[in-house]
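Take a look at the structure set out below.
Sequence lines set the chain letters: A, B, ... in the order given, protein chains first and strands last, and positions in each chain run from 1. Note that this is a predicted model, so its numbers are computed, not measured.
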2 protein chains.
Amino acid sequence: MAGRGEHGGAARRVTIADVAREAGVSPGAVSFALNNRPGVADATRRRVLDAAAELGWRPNHRARALSHQSSFTLGLVVARPTTTVGADPFFPAFVAGVTAALQPSEQSLTFTVVPDHDAEIETYRRFAAEKRVDGVFLTDLRVHDPRPALMAELGLPAVTLGRPDRTSSAGRVGAVSVDDSAGMREVVRTLVDAGHHRIAHVTGPAEFLHVRSRREAWEATLTAAGLAADLLVHTDFSAGEGAGATDRLLSRRVPPTAITYANDVMAMAGLAVAQRRGLAVPTDLSITGFDDVELAHYANPPLTTVRTDVAGWGTAAAHALLAAVADATARDVDLPPARMIARASVAPPTPARPRKGTS
Amino acid sequence: MAGRGEHGGAARRVTIADVAREAGVSPGAVSFALNNRPGVADATRRRVLDAAAELGWRPNHRARALSHQSSFTLGLVVARPTTTVGADPFFPAFVAGVTAALQPSEQSLTFTVVPDHDAEIETYRRFAAEKRVDGVFLTDLRVHDPRPALMAELGLPAVTLGRPDRTSSAGRVGAVSVDDSAGMREVVRTLVDAGHHRIAHVTGPAEFLHVRSRREAWEATLTAAGLAADLLVHTDFSAGEGAGATDRLLSRRVPPTAITYANDVMAMAGLAVAQRRGLAVPTDLSITGFDDVELAHYANPPLTTVRTDVAGWGTAAAHALLAAVADATARDVDLPPARMIARASVAPPTPARPRKGTS
DNA sequence: CTGAAAGCGCTTACAG
DNA sequence: CTGAAAGCGCTTACAG
């Protein structure tokens, strides 16, 4: 009768049957009372709640999952080699946003890193077959991505980060999107306005939609300004390949006067390469990044970059997925676009050819 | 009878009862056969396995969890503000190592980011009360850390990353450790051998044991060389505070000739600060980091740092926790120590005072 | 408004 | 070696 169990400790677990006995009702009534379902008199409900509190009862997750036909678990599977996953600041921030949103709900997140795309697909199949999760977050969308259709086949609720390219957006898959091309356009326009004519773009693997959208923003902005969009390098997003790409660009007979990178890590590696070659940034070469990692602010010079609210993205995606799980309805959410953060790594090219004089 | 269910799809789930019917045995026998338990004739086992494969049967995780009294889930709770969790390369790499180790087992990982230590404790209590997980990884050990004792109270198997300070290592808690002080000693000894006399240390919050062990390694190595260990700054591990600490150190009447940082992010921010003040690195100031993030290799100059195999740590911790969950026995594991990675950010101080001439 | 019963899909003693 | 039954701790129709 006393406060035993109040510490939720290793003592014999208290079940709904104990609460029922204590409150003098049936186990079924306890369940109804505890879950705030109609059909229980206020006085009875009170009695049950008091008994549950006194006994220190806590719902057994395993039993609830089985009888409620729900895992109370959301899944995030990231296909990335173990060696490089640490370099991407996206996932910890995204997960932080997701789990913050999940706090008040009874859901938690299962997070898995797998080596490649095939293993990722296999994981979803296993999740669905074993009823491991109630829904999944789909990240790193690709061209002709098979995952939205797979989700429909598996009957697995899902949200994608960003919009899939084909309108195969099968049934239950909603898209939670941040327009990162907006930030990219701002960056390129700023460089054009500063008088740059040869603006390169160093980005990630071509199959990613987020890579494509940034590249297209770069292209379109250059084309609109009557400039050639011919200095494009695809990498694996690593510092190493970012450095290599920079070296090759700067070794051209007519090198670019500005390089836009699709992440901050490559931009900072590129910055080091340029400086090692004796170029002053931004005087001899302007450089921009993407992500706005904290270090970007403390680079020398501080890096002009593009900021996305990644944790906010995680929170919004979690809410959308929770809703999809609850009513099997897909809905799209558009978050505020990524914005340029102007810092000192951009300046007019030398010899300066002033243009519009905006900057 | 055909391959329906082979896609594990949204079709009506096939249960053990279906397999039993198909194989002409009881559901209990199916369970025994499927779990490779003795007491089933080979021929019967064959028949069951064939039936299961034909029907596309997959174990229902929810049902197994309830009847097996096991969650098949391990927990990682990280107390860190959402805003800074992205800056730490540790967690993605650690999680990758953990989930790689979990692949062949039936366990998965639930990963949660909470804002502070109290919320972390609360999460463990909830995990235990609701039977959410079978065990947890305890990271960022502190001075007088209450968590090992809490695990004993909750009856929750756990492993700590690194050894707790008090021998309150309650029962079921094993420690999986990497000696990072070894790398720190190498770094300081290298600087001493190069002729440095004023070697500072910029590190994280004093309550973390991993901060303390690096600081003590720095102190002990200096003391052994007859040098003063008086240039110490504690920060929150952020680039911003690393930059601020550097600025203050370099503004001293007699500034250090070398600064050792407890992570690469602060080291790179410090590098930028030094260069902005007109100092050449390493000529005027030697700098070292910790972590060996990929960018460290591509800094200008490349950063001397200390490398830990974080993914390997995750894998070893996962194996240890799996074992602790299986037999409730704590065991300690010692992994290879962290090693210095020598790069170009270290040189003798100017004016050079050659000493042993090792470097 | 309330109670007794069945059910979620497995596992595990316990008899034969 | 094998089968029938009970049990894990909840939820949810279904009668009263």
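- Under the side-chain contact (heavy atoms from CB on, under 4.5 Å) test applied with Val77(B), the options Thr139(B), Val133(B), Thr123(B) reduce to a single match, Thr123(B).
- The side-chain hydrogen bond (donor to acceptor under 3.5 Å, both in side chains) test with Thr73(A) singles out one residue from Arg62(B), Arg132(B), His61(B), and that residue is Arg132(B).
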For this session: Quick one: do Arg80(B) and Asp140(B) satisfy salt bridge (Lys or Arg N to Asp or Glu O under 4.0 Å)? Show the steps, please.
Result: CA-CA 10 Å; Arg80(B) 193 129 340 175; Asp140(B) 283 339; 2.4 Å; yes

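- Trp57(A) places its CH2 atom 9 Å from the C1' atom of dG9(D), with the value rounded to the nearest Å.
- Whole-Å rounding puts the His61(B) NE2 to dC8(C) P distance at 19 Å.
- For Leu55(A) and dC10(D), the CG to C1' distance is 16 Å, given to the nearest whole Å.
- Remark on DNA chain D: of its neighbouring residues His68(A) and Asn60(A), the 5'-side contact belongs to Asn60(A), judged by nearest-heavy-atom nucleotide.
- Contact annotation for Arg37(A): backbone-only contact, meaning every heavy-atom pair under 4.0 Å involves sugar-phosphate atoms and none involves a base.
- Checking Gln69(B) against Arg47(B), the closest nucleotide of DNA chain D that is more toward the 5' end is the one next to Arg47(B).
- Rounded to whole angstrom, the span from the CZ atom of Arg58(B) across to the P atom of dG9(C) amounts to 16 Å.
- Rounded to whole Å, the distance from CD1 on Ile16(B) to P on dC8(D) is 18 Å.
- Contact check, Arg62(B) against dC8(C): no side-chain N or O comes under 4.0 Å of OP1 or OP2.
- The CZ atom of Phe32(B) sits 12 Å away from the P atom of dT2(D) (whole-angstrom rounding).
- In this structure, CZ of Arg45(A) is placed 10 Å from P of dC1(C), rounded to the nearest angstrom.
- Remark: C1' of dG3(D) and CZ of Arg21(B) are 16 Å apart, rounded to the nearest angstrom.
- Under the Watson-Crick and G-U wobble criteria, each requiring two contacts below 3.5 Å, nucleotide dA15(D) is paired to dT2(C).
- Under the 4.0 Å criterion applied to side-chain N and carboxylate O atoms, Arg142(A) and Asp145(A) are not assigned as salt-bridge partners.
- Remark: Thr15(A) is not in phosphate contact with dC8(D), judged by side-chain N or O atoms under 4.0 Å from OP1 or OP2.
- Each of dC1(C), dG9(D), dG3(D) was ranked by its minimum atom distance to the side chain of Leu66(A); first place goes to dG9(D).
- Using a 4.0 Å cut-off, no side-chain N or O of Ser31(B) falls inside it from OP1 or OP2 of dT12(C).
- For Ala63(A), whose side chain is taken as the heavy atoms from C-beta onward, the closest listed nucleotide among dT2(C), dT11(D), dG9(D) is dG9(D).
- Mapping Val25(A) and Ser67(A) onto DNA chain C by nearest heavy atom places Val25(A) closer to the 5' end of the strand.
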For this session: Would you check, one step at a time, whether the test salt bridge (Lys or Arg N to Asp or Glu O under 4.0 Å) holds for Arg125(B) with Glu153(B)?
Result: CA-CA 10 Å; Arg125(B) 289 192 178 280; Glu153(B) 178 198 333; 3.3 Å; yes

